[in-house]
Amino acid sequence: MAEDQITVATWNVNSVNARLENVTSWLEKRQPDIALLQEIKSQEENFPTLAFEALGYKCTIVGQKSYNGVALLSKRPAEDVLTALPGDADDDQARYVEARVGDIRVASIYLPNGNPSNGPKYTYKLDWMDRLRDHAQHLLETEQTAVLGGDYNVIPADEDCYDPADWSDDALFKLETRRKFRSIENLGFTEAFRALSDTPHAYTFWDYQGRGWESDKGIRIDHFLLTPKAADRLVACEIDREPRGLPKASDHTPVICTIAA
DNA sequence: ATGGTCGGCCTCCGA
C-alpha cells in the first residue's frame with residue numbers, strides 16, 4: 001500500500017464471527033485503509049471490535065440480530081456517520097453505513113437479495129434501489145468524493161455470470177434489476193471494476209451449493225460505484241480470489257479499489 | 001459415486 005494511495009476493500013463475510021480468522025488474516029496481509037463489510041450477522045454488542053482494533057482499525061457498526069448487518073473499518077477516524085439509507089423511516093434492516101474518512105465519503109452497502117423475484121422481497125429490493133438512486137443523486141449534487149462499495153446483489157451483464165440463461169428470472173439478474181442499477185450508473189457514477197477491465201467471468205461470489213467454487217460457477221455482484229470526483233482518482237480495482245479458496249471461506253471474495261490520495 | 005451448502009438459531013429461514 002503506497003503512501004500516495006488509499007485502498008478501500010469490500011467483502012460480504014457471511015457472519016463476521018464465523019469468519020473472524022479469515023477476515024483478520026486477510027486484513028493483516030492486504031492492509032486496506034478502509035474495509036467495508038456486509039452480512040456481519042451480528043449485533044453491535046457481539047461484534048469483534050477488539051480483534052479489529054488490535055489491527056489498527058476503528059469500527060463503525062450497524063448491526064442486526066441473525067441477519068444482514070454492515071460495518072466500516074478504517075485506519076483513520078470515521079466522521080459524519082450515516083447509519084441508514086435515507087428515504088424510509090420504517091425500514092429497520094441493517095443494510096447501509098456511510099461515513100467520511102479523510103476527504104472521501106465511503107459507504108458499505110448490502111442491497112437486498114430480492115428473491116423470490118415475484119413477491120414482496122423483490123418489491124423491497126426495487127424500492128431500496130430507488131432510495132439508493134435518490135441518495136446517490138444527492139451525493140452527486142453536493143459534489144462529493146464518494147466510494148460506494150458493497151454487495152449490490154446485481155449481476156450487471158451477461159459476462160458477469162457463468163450462464164445467463166440460468167439467471168434470467170432471478171432477482172439478481174432480471175432486466176428490471178439491471179435497468180435500475182444502470183439508472184444509478186447513468187446519473188454519472190463509474191463502476192470501478194468494469195471501467196478498468198474487459199475481462200469476462202470475473203466473479204466475486206460462488207454459491208456453496210453445487211460445487212460452485214470448484215467448477216467456477218460464479219457471479220459478479222460486489223461492486224464499487226464512484227462519483228466523478230472519486231472516479232477521477234481511480235487507480236485500480238482488483239478481485240482477490242484467494243480467500244474464497246481457503247478453509248471456512250465466505251461465499252463472497254473481497255474486492256479492492258485503489259484511489260489516488 | 002446412495003452424496004448433495006452454509007450460518008444463526010424459537011428445528012427453519014435467508015442467501
Query raised in the report: Contact class for A/Arg244 (heavy atom, under 4.0 Å): base, sugar-phosphate, or nothing?
Result: nothing
Report summary line: So the contacted stretch of DNA chain B, first to last nucleotide with an atom under 4.0 Å from a non-hydrogen atom of chain A, runs from B/dT5 to B/dA15
Query raised in the report: Between A/Asp103 and A/Arg233, is the closest basic N to carboxylate O distance under 4.0 Å?
Result: yes
Query raised in the report: Checking all strands, does A/Phe205 fall into the base, sugar-phosphate, or nothing category for heavy-atom contacts under 4.0 angstrom?
Result: nothing
Query raised in the report: Does A/Arg76 have any side-chain contact (heavy atoms from CB on, under 4.5 Å) partners at least two apart in sequence or in another chain, and if so, which?
Result: A/Val101
**Report entry** Donor-acceptor contact below 3.5 Å, side chain A/Arg100 vs main chain A/Gly102
**Finding:** yes
Query raised in the report: For atom P, what is the distance between B/dC10 and B/dG14, given to the nearest Å?
Result: 14 Å
Query - Residue met sooner reading DNA chain B from 5', once A/Asn17 and A/Asp207 are mapped to nucleotides - result: A/Asp207
Query raised in the report: Residues in ring-ring contact (aromatic ring centres under 6.0 Å, His included) with A/Phe189, at least two apart?
Result: none
Report task. Determine the interatomic distance between C1' on B/dC6 and the same-named atom on B/dT11; round to the nearest Å. Result -> 16 Å
Query raised in the report: For atom C1', what is the distance between B/dC9 and B/dA15, given to the nearest Å?
Result: 15 Å
Report task. Could you tell me whether A/Gly210 contacts a base, only the sugar-phosphate backbone, or nothing, with contacts defined as non-hydrogen atoms closer than 4.0 Å? Result -> sugar-phosphate
Report task. Look only at the side chain of A/Lys125 and the backbone of A/Ala171, and say whether a donor-acceptor pair between them is shorter than 3.5 Å. Result -> yes
Report task. Using the closest heavy atom to pick a nucleotide of DNA chain B for each, name whichever of A/Ile40 or A/Asn113 lands nearer the 5' end. Result -> A/Ile40
**Report entry** Between A/Trp26 and A/Asp240, a side-chain donor and acceptor under 3.5 Å
**Finding:** yes
Query raised in the report: Taking the chi torsion of B/dC10, is it syn (within 90° of 0) or anti (everything else)?
Result: syn
